[in-house]
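Here the structure is laid out as C-alpha cells; the discussion comes afterwards.
Basis for what follows: all heavy atoms, side chains included, without hydrogens, waters or symmetry-related copies. Lettering follows sequence order; numbering is per chain, from 1.
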Amino acid sequence: MTTTASASSSTGEAGVLSTSARGDIHRWSQTLIPTTREAPADATTPSHVFMVRAGLIRQLAAGVYDYLPLAWRSLRKIQRIIREEHERIGAMEMLFPAFEPMDLLKQTGRDEAYGDDLFTLTDRHGRGLALAPTHEEPIVEMMKGAVTSYKQLPLSLYQIQTKYRDEPRPRSGLLRCREFMMKDAYSFHLAQKGEGGLDAIYDDFYEAYSRIFTRCGLSFTAVEAESGPIGGSASHEFMVHAESGEDKILVCPVSGYAANVEKAEIGERAWTFDGDASDELTKRHTPGMPGIDLVAGHLGTDAAGMLKTIVFERVLKDPDKTKYVLAVVRGDHEVNEAKVRDAVGSGVRLADEKKAKADGLAIGYVSPCMIGRLTGTTLVVDPDAAQANAWATGADEMDHHVTGWYWSRDLGVDLEKAKVADIRNAEEGDPSPRAEGAKLQTQRGIEVGHIFKLGTKYSDAMGFTVLAEDQKPRTVTMGCYGIGVSRTMAACVEMSHDAGGIIWPAAVAPYHVQIILMKHDDERQIETANTLAQELAARGADVLIDDRKERPGPKFKDADLIGIPVRLTLGDKALDAGGVEFKRRKDEGKGEVVPIAEVVDRCISALESA
RNA sequence: CAGGGUGUAGCUCAGCUUGGUAGAGCACCUGCUUUGGGAGCAGGAUGUCGUCGGUUCGAAUCCGGCCACCCUGACCA
C-alpha cells in the first residue's frame, strides 16, 4: 500500500482560498516580520536558515522556538487542512492537558520506555507529573470512564496540541524540537476486521493523511515502518522527500514498494555454505584497531571480505538465565535488530558486554564458531555472509582475527545449526522484495506523519473493555495517528525554496498576495493597493501590503525571502500605463505589467492553479 | 551519552598568541538628500566580553570549575 503525491494529487477539491470567509488584509508596518540579512551562525538547514531570516521563528532554548506572526499564520492554515480532512473521515476534535500524572505512564511501562525523553516535574505535594510526549494513556483513561458499550464504537478523536520530548539532540530548527506542535488522533474499535474495525479506519486515516500532505503541496511517500516505543503491529510513515531529511527510505521503482530502512525487506538472495576450503586458516594479531575497515586493511581484505558477528541475548522472563544469539552479517553490512528478532522468534537485545565477556565471548573478536562453545546459543546468518568464500573473522580471542575461514570446514558444528535469514538493513542496489530483478533505491525523507495499528496494547495494560453484544467484556482495539504540524511547516520550506528565500505552496502560505508600494506615501499607490486588497480579500485571498518606508531594494529582497506566492508591485511607470506588475514567486525575472482591471482575476487563477 | 566546536553590541564577527580596561560591518535613532533589486552624507545610542573562581598592581586576553548553544553518531512527529 503505497501512495505518492503525484498519484493522489487529484483529491484537492478543497481549494487554496477560503470560500466562506473574507481574506485578511494586513500591513507590514503593523505586524512583526523581523527579517534579517544574515542567518544566525548556528543554522545549517535551509528551512532553519530561511524561517529565521524571514522572521517566522526565533529560538528561545535548544529545540524551543517562538512562532512569530508569519509562522503562526502558516501553522493555522496547516491546522485547517488537517481539521477539514479529519472532519471528512468523522474524527472529532478535543483537547487534553499537557500535564500527565506519572502514575498513568507507569501503568503502561512507558515511564521506562520513554526514559530521559520525558520532561518530568514534581508538584508541591511531591506528586510526579510529566509533560505529555503523546496521549495514549490520558485518552484511554478518559475513555474508560466515558465509553462502556460496543454501541459507542467505533470512535475517532483527535487534538492539535503542543508536545514535549526531551530529545537527546534537538536540531535543524523546527525539524527536531523538544517542544513541537502535533496532531494526534486515536481510534477505538470492537475488532480489527470488518466494518468499523481498526483495519478499515486505519485505511481512512491513511487516505486522509495522503490528502493532507498533498494539499500542503508536499511531495511524499508513505512507507512501511517499525512501530518503535508506541508499539503495535502495522505502521506507516509519511516521508517528505528532502535531502536534509534524517530518515532513510528504500523504494522499489518497479513495484512501488517503499519502506523505512529499519523495516525494508530484501528480495531473495542466493547463498551456500559449500565450497572448497583451499586457503589455510591463519590466526593474526590485530591489536588496538577500532573499526572494521582498519582491521580488514591489516588483514589484506576489505569490510566486505569479513564476517561480523554481533552478540544479542534473548529477552527472557527469568533474568538470571542468559541465552545468546549470534547474528552474522558481512562486514560492510548493518545488523537489523528487528529482523534478528523475527528470525529467532523471540525478543532480543544487544548483549551486556561485561556479562558476555565473562561467558567467554570476546566481544569485538567473536566468530560464528562460538555456537559450538556455548550451549543454548542460536546462530543466524545473513545470506550475503553465508557464502563459500575464504572469510576473515574474529578468532574468539582478544586482539586476534583469523583469515582463510570457511563455513564448510571451520564452523566446528553441523551446518544445520546455522539458520540463514535476512537480518540486515537494506541498502541501495539490494534486490527488491516485490519485483523480480528490480533493485531498491534509497531516498532521504522527513517524517511528517506516522500511523499505527496499536491493537490492544494500551487497552490491555490499562484494562479498557466495553460490553459486547454477547454481554461479555471485550478489550478495545486501538489505532493512533500522528502528524508533526510544526515539522510539516518546516518540511514545506525545506522542499520549496531557492537562494533568495522561501517559495510557499499557496495552501500554507502566510499570505496569498503581497502588494509592494514603491512609494509608501504616494496617494495613488496607497489607494490602488487598498482597492486591490479589498477585491482580493473578497475573493478569499489573504493580502500583505508592504507599506514600509523602505527603498525598493529591501522590499524586493524581503518579498523573495518571505516567499508569498503572488507579488503585485505598484509603481509610477506601470500605474501611468493603467497596470500593475504581477509576478509569481516561483517565476524568474521581473514579472509582467497587467491591466488593473484584470489583475485580481489573474491573482486568483494563479493561486488556484498553484 | 560519546566525540568535536563556539560563547564579545539586536545580527555576523575582529580583538586573545605577546594582559594595560572593547572595536568593525549590518541593524537601530535624528536630520538632509535619494526612490524599481539590501543608497549617500552628517550626527547619535548600544556591552554584567556566558558564568563563578584563581593568578596579577591590572584579565575579554592566562589557569580551573560550571553553564549555554551548535555540529557528527544511537531515538522520534
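In this structure, the nucleotide among rA74(B), rG37(B), rA27(B) sitting nearest to the side chain of R37(A) is rA27(B). The E246(A) side chain lies nearest to rC75(B) when the options are rC69(B), rC75(B), rG36(B). Checking rG38(B), rG36(B), rC70(B) against the side-chain heavy atoms of P552(A) singles out rG36(B) as nearest. When each of rG37(B), rC75(B), rC28(B) is scored by its nearest atom to the side-chain atoms of E167(A), the top-ranked nucleotide is rC75(B). Considering only side-chain atoms of R165(A), the nucleotide from rA77(B), rC69(B), rG36(B) that sits closest is rA77(B). Looking at the side chain of D117(A), the nearest of the listed nucleotides rC75(B), rA74(B), rG37(B) is rC75(B). Picking from rG25(B), rA77(B), rG38(B) the nucleotide with the shortest atom distance to the side chain of E38(A) gives rG25(B). Candidate nucleotides rG38(B), rC69(B), rA74(B) were compared by shortest atom distance to the side chain of D42(A), and rC69(B) ranks first. Here the side chain of R171(A) is nearest to one of rC71(B), rG38(B), rU12(B), namely rC71(B). When distances run from any side-chain atom of F452(A) to the nucleotides rC13(B), rG36(B), rA77(B), the shortest one goes to rA77(B).
Against RNA chain B, the stretch residues 66-76 of chain A makes no heavy-atom approach under 4.0 Å.
Within the 4.0 angstrom heavy-atom criterion, no nucleotide atom of any strand lies near E237(A). If you check every strand for non-hydrogen atoms under 4.0 Å, G449(A) touches sugar and phosphate atoms only. Using a 4.0 Å heavy-atom cutoff across all strands shown, D184(A) reaches no nucleic acid atom at all. Residue R58(A) is out of contact with every strand shown, counting any heavy-atom pair closer than 4.0 Å. Counting any heavy atom pair closer than 4.0 Å across all strands shown, D247(A) reaches a base atom. Among the protein residues, P34(A) comes within range of no part of the nucleic acid, since none of its heavy atoms lies under 4.0 Å from any strand.
In terms of the salt bridge (Lys or Arg N to Asp or Glu O under 4.0 Å) criterion, residue partners of E137(A) (sequence neighbours excluded) are, by chain and number, R110(A).
Taking only distance into account, the side chain of R548(A) never meets the base of rG38(B) through a donor-acceptor pair shorter than 3.5 Å. Looking at D560(A), its side chain comes within 3.5 Å of the base of rG37(B) through a donor and an acceptor atom.
Across the strands present, rU12(B) finds its partner in rA24(B); the criterion is a Watson-Crick or G-U wobble pair with both atom distances under 3.5 angstrom. Taking a pair to require two hydrogen-bonding distances under 3.5 Å in either a Watson-Crick or a G-U wobble arrangement, rC1(B) pairs with rG73(B).
Using cut-offs of 30° and 60° on the angle between ring planes, the pair H450(A) and F452(A) is parallel.
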